Amino acid sequence: MSPETDLPGTGSAGAGPGPRLLLVRHAKAEPKGRTEDFDRKLSPRGRADAAETGRWLERSPYRPELVLCSPARRARKTWRLVEPELADPPPTVYDERLYNAAPNELVTTLADHGAGLGVLALVGHNPGLHQLAAGLCGEGPPELLERLRAGFPTAGVVVVDLAGGWDGLAPGRGTLVDFWTGTE
């Protein structure tokens, strides 16, 4: 599905009545077991997919004002390959709490960094990222909600509008606006 250009908050000024969250799953990494999990590199496919995610973000109407990124090597590299594809890349904060974080830790981190921001991107890991996305999204196009329930592929992007603000992140309070997986 392509982003809707007439949705509130799709411009650079931020997200309409509430903030907008872009959840970006790191790109495909080397298999587990070759190195410590934190230090896993992106696979060749992952490097290509990350750059494609950046091109999609640049074509999309979604403009994050800040990026929160896990410090794990595969997440950092994903963002470093996305960033050059953006005409005006936002500042990035690498927060250790995002490494393999559970949804409640992701919510805390978003609340800590999101004050005053209209659009925030978070680059992280499954299963926490998928659990957060599925838990937040109580509304949205049924076909997108069904795809999200089925999984959150590497290098995918979930776009969620949040009615309650960064301090009011709660299950079912978000609206799924877009879900890009690179297969479109």
Side-chain angles (χ1 to χ4, degrees), residues 19-60 62-115 117 119-137 147-160 166 169 174 178-184:
R20 174 166 283 167
L21 175 61
L22 282 64
L23 297 169
V24 181
R25 183 173 175 207
H26 69 75
K28 187 81 172 164
E30 292 181 340
K32 294 178 182 178
R34 292 186 182 172
T35 185
E36 292 293 324
D37 184 68
F38 188 86
D39 294 321
R40 288 171 50 211
K41 296 178 182 179
L42 292 183
S43 69
R45 177 185 142 201
R47 290 189 296 275
D49 289 351
E52 182 59 33
T53 299
R55 289 187 287 277
W56 179 82
L57 280 170
E58 179 58 27
R59 290 188 309 267
S60 82
Y62 313 120
R63 300 291 176 258
E65 298 163 58
L66 178 70
V67 173
L68 300 177
C69 187
S70 164
R73 184 178 193 169
R74 60 194 180 275
R76 287 190 331 258
K77 186 62 173 180
T78 295
W79 183 247
R80 288 182 183 150
L81 290 167
V82 166
E83 199 171 29
E85 302 296 333
L86 305 178
D88 189 21
T92 304
V93 173
Y94 296 92
D95 191 312
E96 64 188 37
R97 296 175 293 175
L98 299 176
Y99 173 62
N100 284 337
N104 62 334
E105 187 66 28
L106 295 172
V107 166
T108 299
T109 307
L110 288 166
D112 289 350
H113 290 282
L117 297 177
V119 183
L120 181 64
L122 187 154
V123 182
H125 311 268
N126 273 358
L129 209 60
H130 182 230
Q131 292 166 346
L132 176 65
L136 284 175
C137 293
R147 283 180 50 215
L148 179 58
R149 280 190 294 274
F152 193 161
T154 55
V157 182
V158 171
V159 181
V160 184
W166 299 115
L169 292 174
D178 209 340
F179 184 20
W180 184 80
T181 62
T183 59
E184 299 155 7

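Keep in mind that what you see is a predicted model, and the values were worked out from it rather than measured.
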Fill in the blank from the handout: Tightest non-hydrogen contact, residues Ala133 and Leu23, listed as CB-CD1, 3.6 Å
Practice task
Could you check Val158, Val24, Leu98 and say which one makes a side-chain contact (heavy atoms from CB on, under 4.5 Å) with Leu122?
Solution key: Leu98
Problem - Side-chain heavy-atom pair Ser60, Asp178 within 4.5 angstrom cut-off - result: no
Completion exercise
The single option from Thr92, Leu110, Leu106, Val123 that satisfies side-chain contact (heavy atoms from CB on, under 4.5 Å) with Leu68 is Leu110
Practice task
Decide yes or no for Pro91 and Leu66: does some side-chain heavy atom of the first lie under 4.5 Å from some side-chain heavy atom of the second?
Solution key: yes
Practice task
Report yes or no: does Thr78 contribute a side-chain atom to a donor-acceptor pair with the main-chain N or O of Ala27 at less than 3.5 Å?
Solution key: yes
Problem - Any Leu81 side-chain heavy atom under 4.5 Å of Arg47 side chain - result: yes
Problem - Test item: Ser43 side-chain N/O and Lys28 main-chain N/O as donor-acceptor pair under 3.5 Å - result: yes
Problem - Closest heavy-atom pair and its distance - Leu120, Pro64 - result: C-CB, 4.4 Å
Handout entry: Shortest non-hydrogen contact between Ala48 and Arg55, atoms and distance
Key = O-NH2, 4.3 Å
Handout entry: Glu58 side-chain N/O to Ala87 backbone N/O, donor-acceptor pair under 3.5 Å
Key = yes
Exercise for the section: Could you tell me which non-hydrogen atom of His125 sits nearest to which non-hydrogen atom of His26, and how far apart they are? Expected result: ND1-CD2, 3.3 Å
Practice task
List the steps, then state whether salt bridge (charged side-chain N to carboxylate O under 4.0 Å, His left out) holds for Glu83 with Arg76.
Solution key: CA-CA 10 Å; Glu83 199 171 29; Arg76 287 190 331 258; over 6 Å; no
Handout entry: Asn126 side chain near Gln131 side chain, heavy-atom distance below 4.5 Å
Key = no
Exercise for the section: Might you point out which heavy atoms bring Cys69 and Trp79 nearest each other, and give the distance in Å? Expected result: SG-CB, 4.1 Å
Practice task
Measure up the Phe152 and Phe179 rings against each other and bin them: parallel (under 30°), tilted (30 to 60°), perpendicular (over 60°).
Solution key: perpendicular
Problem - Any donor-acceptor pair under 3.5 Å from Arg73 side chain to Phe38 backbone - result: no
Problem - Side chain proximity check, Thr53 to Trp180, heavy atoms < 4.5 angstrom - result: yes
Completion exercise
Tightest non-hydrogen contact, residues Pro89 and Leu86, listed as CD-O, 3.4 Å
Problem - N/O donor-acceptor pair under 3.5 Å between His113 side chain and Val67 backbone - result: no
Problem - Point-to-point distance, once rounded to the nearest 0.5 Å, from NZ of Lys41 to CZ of Arg74 - result: 14.0 Å
Problem - From CA spacing to verdict: salt bridge (charged side-chain N to carboxylate O under 4.0 Å, His left out), Arg40, Glu30 - result: CA-CA 6 Å; Arg40 288 171 50 211; Glu30 292 181 340; over 6 Å; no
Exercise for the section: For Arg20 and Arg63, indicate whether the former's side chain and the latter's backbone hold a donor-acceptor pair under 3.5 Å. Expected result: no
Practice task
Report the distance from atom CD of Glu96 to atom OG of Ser70, rounding to the nearest 0.5 Å.
Solution key: 10.0 Å
Practice task
Check whether any side-chain heavy atom of Tyr94 lies under 4.5 Å from a side-chain heavy atom of Tyr99, and answer yes or no.
Solution key: no
